[in-house]
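These numbers were taken from a predicted model, which means no experiment stands behind them. Each chain gets a letter, A, B and so on, in the order its sequence line appears, and its residues count up from 1.
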Amino acid sequence: MALDDPNFLIYNYFQDMAMKRIKINRLTGYDTSPGKVLIKGWVRTRRDAKGFSFMEINDGSCLNNIQVVAGSELANYTDIQGITTGSAVAVAGDLVASPGKGQKWEIQADTVEIISLAPETYPLQKKRHSDEFLRTIAHLRPRTNKYGAAFRIRSEMVHAVHRFYREKGFFYLTSPVITGSDCEGAGEMFRVTSLDPDAVLKQGKMDFSQDFFGQESNLTVSGQLSAEMFALALGDVYTFGPTFRAENSNTSRHVAEFWMLEPEMAFCDLSGNMDHGEELVKYLVNHALTACTDDLDLFTKFVDKNLAGRLKTLSEKTFERMSYTEAIGILEKSHKKFTYEVSYGTDLQSEHERFLAEEYVKKPVFLFDYPKEIKPFYMRINDDDKTVAAVDLLVPGIGELIGGSQREERLDVLESRMAQMKMPKEPYWWYLDSRRYGSVPHSGFGLGFERFLMMVTGISNIRDVIPFPRTPGSIDF
RNA sequence: UCCCCAGUAGCUCAGUUGGCAGAGCAAUUGGCUGUUAACCAAUGGGUCCGCGGUUCAAAUCCGUGCUGGGGAGCCA
């Protein structure tokens, strides 16, 4: 760096001041000016005025930009006038009350260091972009107001999940991502192998005994079975991590890799399970309402006008609870024209679920006690011997947010159910052991974390609440 | 996987009955200005998604493939 280089002067300035960088979200908190501040961030927009230049800087710490006023007396003013949208800068100067409208503070710059100048090919413009376009530049979209807000809320909600469970005395279980059983659930699974595809092709078949684990292995579709084992040891546990489904689902509510929260509670029946789900959802929503107000305001203004009302309902109204049988009765009595007929014994269609949650109860509703024929082996058989202690939470505008059950804890009942469903016992020897030794009633559920975020933000496509979405035919970034 | 819709400048879109490729914003240049999606003017910018067909002539009509969106199924 040459001595007459403006950046040399700036470097010396920072050395002399020995200033620490401050994040923009802390600036708004000041009632009186702290004097000199140093901020670093990315330029959202720049405008010239006579004798000085306005810049709006965002550092990702919050929705707000800070306006910087850079005067023509600055050594590198000519360079400053060439600063483009998307460039990275460090600005030091006095935090002063802004005479302009729209912001409380602005920085009267002593120095503006250009860390990195963005060329004119920077794809993000000052105007609104479509979600579809932003998905094609998913590596840059967190630099927009909407996606910055979405991912700050996502982070805040992750912390809230852990805090909720810690406060309730649950233990966090990191269940395995690679699993050996291929029949954990109904969904298609992603195969995990270290075999060379060309070699397999030459041999003409997969020899799993030659594979890394010596048997078929897959990415997990649920941590539930692991969680059950640990609930029966530590009492109350939860898993929270990535989950994989190889279903060829092309909808705004499905991705191949998503995060699922799965609590599992010993000595807990289906009713306790529902209590817990309702408490969890209310806690998370309330936390969002108090901790993410600025970001949520953006979604209420620009994304979903009904968001505030829906969050209020989630926070304040008691969730409805009704049995599957009751729900069928309501649907039949509704005399609504459905594309699919309502009939006892079959699973409810989307249109039926939507009617119940959005039109009939107009708030979240737990549906429980489903016919055993349409539910998996591990759900507890009720005394009527026709239904199982399953539960789904249906939320207006979102659909199924939670799916869970009380688990079958009686060894003989579980074994005969597996036999009826023609499932092999051997791979589940360890699962059945838990019913052999100190088996107790227990319950749990899975909550789709991205679907929860859709509910909290009003974002209507699941691809927009996950950093880099994986969907059929799409794994860019 | 099935049904419906769309694909035209960097972005958002218009393009009439098949007859010369357009606008706004962005970019670049200049002007003006305590501005704030700044403003004013000029300039540059096109594989009309790909392939095949019909036609004197295709962005436009037909077939097919790809990509994206909405809905359904599967589910969280």
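Between Asp48(A) and Arg46(A) a salt bridge is recorded (basic side-chain N to carboxylate O distance below 4.0 Å). Under a 4.0 Å N-O distance rule, the pair Glu264(A)/Arg407(A) qualifies as a salt bridge. For the pair Asp131(A) and Lys146(A), the salt-bridge criterion is met [side-chain N within less than 4.0 Å of a carboxylate O]. Between Lys282(A) and Glu278(A), at least one side-chain nitrogen of the basic residue sits less than 4.0 Å from a carboxylate oxygen of the acidic one, meeting the salt-bridge criterion. Ion pair Arg451(A)/Glu400(A) not flagged as a salt bridge, since none of the NZ, NE, NH1 or NH2 atoms sits closer than 4.0 Å to an Asp/Glu carboxylate oxygen.
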With 3.5 Å as the limit, what N/O pairs link the protein to nucleotides 40-50 of chain B?
none

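Gln67(A) comes within 4.0 angstrom of a base, heavy atoms only. Across all strands shown, Ile402(A) has heavy atoms under 4.0 Å from sugar-phosphate atoms exclusively, and none from any base. In this structure, Val68(A) reaches neither bases nor backbone, as no heavy-atom distance under 4.0 Å exists between it and the strands shown. Within 4.0 Å (heavy atoms only), Glu257(A) reaches no atom of the nucleic acid at all. Residue Gln349(A) is classed as a sugar-phosphate contact, given heavy-atom separations below 4.0 Å to backbone atoms only. Counting non-hydrogen atoms under 4.0 angstrom, Ser252(A) reaches the backbone sugars and phosphates but no base.
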Q | Steps toward ring pair (Phe, Tyr, Trp, His ring centres under 6.0 Å) verdict (Tyr340(A), His352(A)) | A | CA-CA 9 Å; Tyr340(A) 294 87; His352(A) 304 147; 7.4 Å; no

Q) Passes ring pair (Phe, Tyr, Trp, His ring centres under 6.0 Å), Phe230(A) versus Tyr238(A)? Steps please. A) CA-CA 9 Å; Phe230(A) 275 73; Tyr238(A) 66 106; over 10 Å; no

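Within a heavy-atom distance below 4.0 Å of RNA chain B, the residues of residues 129-139 of chain A found are His129(A), Ser130(A), Glu132(A), Phe133(A), Arg135(A). Taken residue by residue, residues 46-57 of chain A places heavy atoms nearer than 4.0 Å to RNA chain B at Arg47(A), Asp48(A), Ala49(A), Lys50(A), Phe52(A), Phe54(A), Glu56(A).
Residue Thr251(A) is the one, among Thr251(A) and Asp392(A), whose nearest nucleotide of RNA chain B lies closer to the 5' end (criterion: closest heavy atom).
Within the structure, every side-chain polar atom (N or O) of Asn461(A) is placed at least 4.0 Å from both OP1 and OP2 of rG68(B). Between Thr45(A) and rA38(B) there is a side-chain N or O to OP1 or OP2 distance below 4.0 Å.
Residue-to-nucleotide contacts include a donor-acceptor pair under 3.5 Å from the side chain of Ser249(A) to the base of rC74(B). Arg253(A) contributes no side-chain N or O that forms a donor-acceptor pair with the base of rA76(B) under 3.5 Å.
Looking only at atom types and distance, the side chain of Thr243(A) has no donor-acceptor partner in the side chain of Arg245(A) under 3.5 Å away. Side-chain polar atoms of Thr45(A) and Glu56(A) form no donor-acceptor pair below 3.5 angstrom.
Regarding Lys375(A), its NZ atom lies at a distance of 12 Å from the C1' atom of rC74(B), rounded to whole Å.
With sequence neighbours excluded, the residues that form a side-chain contact (heavy atoms from CB on, under 4.5 Å) with Tyr360(A) are Met322(A), Ile330(A), Phe355(A). Evaluation of the side-chain contact (heavy atoms from CB on, under 4.5 Å) rule for Thr251(A) yields Arg253(A), His254(A) as partners, not counting sequence neighbours.
Of all heavy-atom pairs between Asn58(A) and Leu63(A), the closest is ND2-O, 3.4 Å.
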Q) When you check every protein heavy atom under 4.0 Å of nucleotides 24-30 of chain B, what one-letter string (B, S, -) results, 5' to 3'? A) BBSS---

